[in-house]
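This chain uses plain numbering: 1 for the first residue, then up along the sequence. For ligands, and for the atoms within them, numbers begin at 1 and follow the listed sequence.
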Amino acid sequence: MTTLPPGQHESALFHRFGLTHFAKRFPRYPDSPVLRLCGAVSSERDIVDPLEGLPRVSQVSDFHCVTTWSVRGLVWEGVRFRDVFERVVIPRSAPHNSATLVALKAQDGARTGLPLEDLLDPSVLVADRLNGEPLSVDHGAPLRLVAPRHYGYKSVKSLCELRFVSPDAGYRTSAFSFMDHPRARVDLEERGRVLPGALLRVLYRPLIRGTVRRFAEASRQREGAQQGKPAH
Ligand SMILES: Nc1nc2c(c(=O)[nH]1)N[C@H]1C(S)=C(S)[C@@H](COP(=O)(O)O)O[C@H]1N2
Ligand SMILES: [Mo]
């Protein structure tokens, strides 16, 4: 059994989760994996099926939401970010050497970023399957980042854009900036930028229940609306 990082408790379920204003937002193109490469690059590109032909891996990892719930033993399948970088990003887009920060954007508008060095860690995947099935819309179809050593908000669902930037350019976040730590490593309890992790634990924990309910409710509503639509 893995031990959980400081301040986390185990959740039996992998909740659909996020900032409340994302509860009713869903990916626009859950069936079309396209990754935009842009920023300080030699050529901006839209890569269709970016995982095609790359070496696939399966990885079991725990997932840690900054609000203190963790789920153990998720089985992700996809391609290591490092391989996407070396085999697709460099040959197709050639980021400048100064672009050591990557701004991440999702189809639902969620934004964060991570240092390129953190993304190149072998534990970081661009995943398209979870627990033996294609990624669902709830969990980030068609492609999601999985960065298990960082809080869940870095594991961007429905990932659609990698913007390579210099560190002084920074990146936009969808949260208040104090909530987005530049690295957000779970082992160091880097929950946010200003307040200590041990304080944010206490502030975030009471929000879990209501957030889970809102996200689940929005998901049920979407499924209901989908069933009313003709198949295409
Ligand atoms: N696109 C997108 N990615 C996101 C979020 C989101 O709202 N939108 N929420 C983040 C947060 S805070 C968490 S804890 C995890 C939750 O993953 P899940 O919804 O697949 O359980 O996704 C992260 N990635
Ligand atoms: Mo989270």
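For Phe17, a nitrogen or oxygen atom sits less than 3.5 Å from a nitrogen or oxygen atom of ligand 1, counting backbone and side chain alike. Taking distance alone, with nitrogen or oxygen atoms compared against 3.5 Å, Ser155 approaches ligand 1 more closely than that limit. Considering both main-chain and side-chain atoms, His139 comes within under 3.5 Å of ligand 1 through a nitrogen or oxygen pair.
Atoms of ligand 1 found under 4.0 Å from any heavy atom of Cys65 (numbered from 1 in listed order, with element): 14 (S). Taking every heavy atom of Phe22 and a limit of under 4.0 angstrom, the matching atoms of ligand 1 come to 7 (O). Using a 4.0 Å cut-off to heavy atoms of Asp138, the atoms of ligand 1 that qualify are 19 (O), 20 (O). Near Ala110, with a cut-off below 4.0 Å to any heavy atom, the atoms of ligand 1 are 1 (N), 2 (C), 8 (N). Those atoms of ligand 1 that come under 4.0 Å of a heavy atom in Ala106, given as number and element, are 1 (N). Close approach to His15 involves these atoms of ligand 1, each under 4.0 Å from a residue heavy atom: 18 (P), 19 (O), 21 (O).
Within 6.0 Å of CZ on Arg149 lie no more than 12 heavy atoms contributed by other residues, nucleotides or ligands. Residue Arg172 qualifies as open at atom CZ: its count of foreign heavy atoms under 6.0 Å is 12 or below. Counting non-hydrogen atoms of neighbouring residues, nucleotides and ligands closer than 6.0 angstrom, the CZ atom of Arg56 exceeds 12 such neighbours.
The side-chain contact (heavy atoms from CB on, under 4.5 Å) test applied to Pro55 returns Asp83, Arg87, not counting sequence neighbours. Phe14 meets the ring-ring contact (aromatic ring centres under 6.0 Å, His included) test with Phe63, His139; sequence neighbours excluded.
Scanning all protein heavy atoms for the shortest distance to atom 23 (C) of ligand 1 gives Gly152 O, 3.3 Å. The protein atom (non-hydrogen) at minimum distance from atom 15 (C) of ligand 1 is Phe63 CZ, 3.6 Å. Here the protein heavy atom with the shortest distance to atom 6 (C) of ligand 1 is Asp108 OD2, 3.9 Å. Gly18 CA, 3.7 Å is the protein heavy atom nearest to atom 12 (S) of ligand 1. Nearest non-hydrogen protein atom to atom 19 (O) of ligand 1 is Lys157 NZ, 2.6 Å.
Taking all heavy atoms of Arg16, Met179, Arg144 into account, the minimum distance to atom 17 (O) of ligand 1 is reached by Arg144.
There is no side-chain donor-acceptor pair under 3.5 Å between Arg193 and Ser177.
Residue Tyr151 places no heavy atom under 4.0 Å from ligand 1.
Between Phe81 and Phe85, the ring planes are parallel. Angles under 30° get that label, and only those over 60° would be called perpendicular.
Between Asp121 and Arg82 there is no salt bridge, since no side-chain N of the basic residue sits under 4.0 Å from a carboxylate O of the acidic one.
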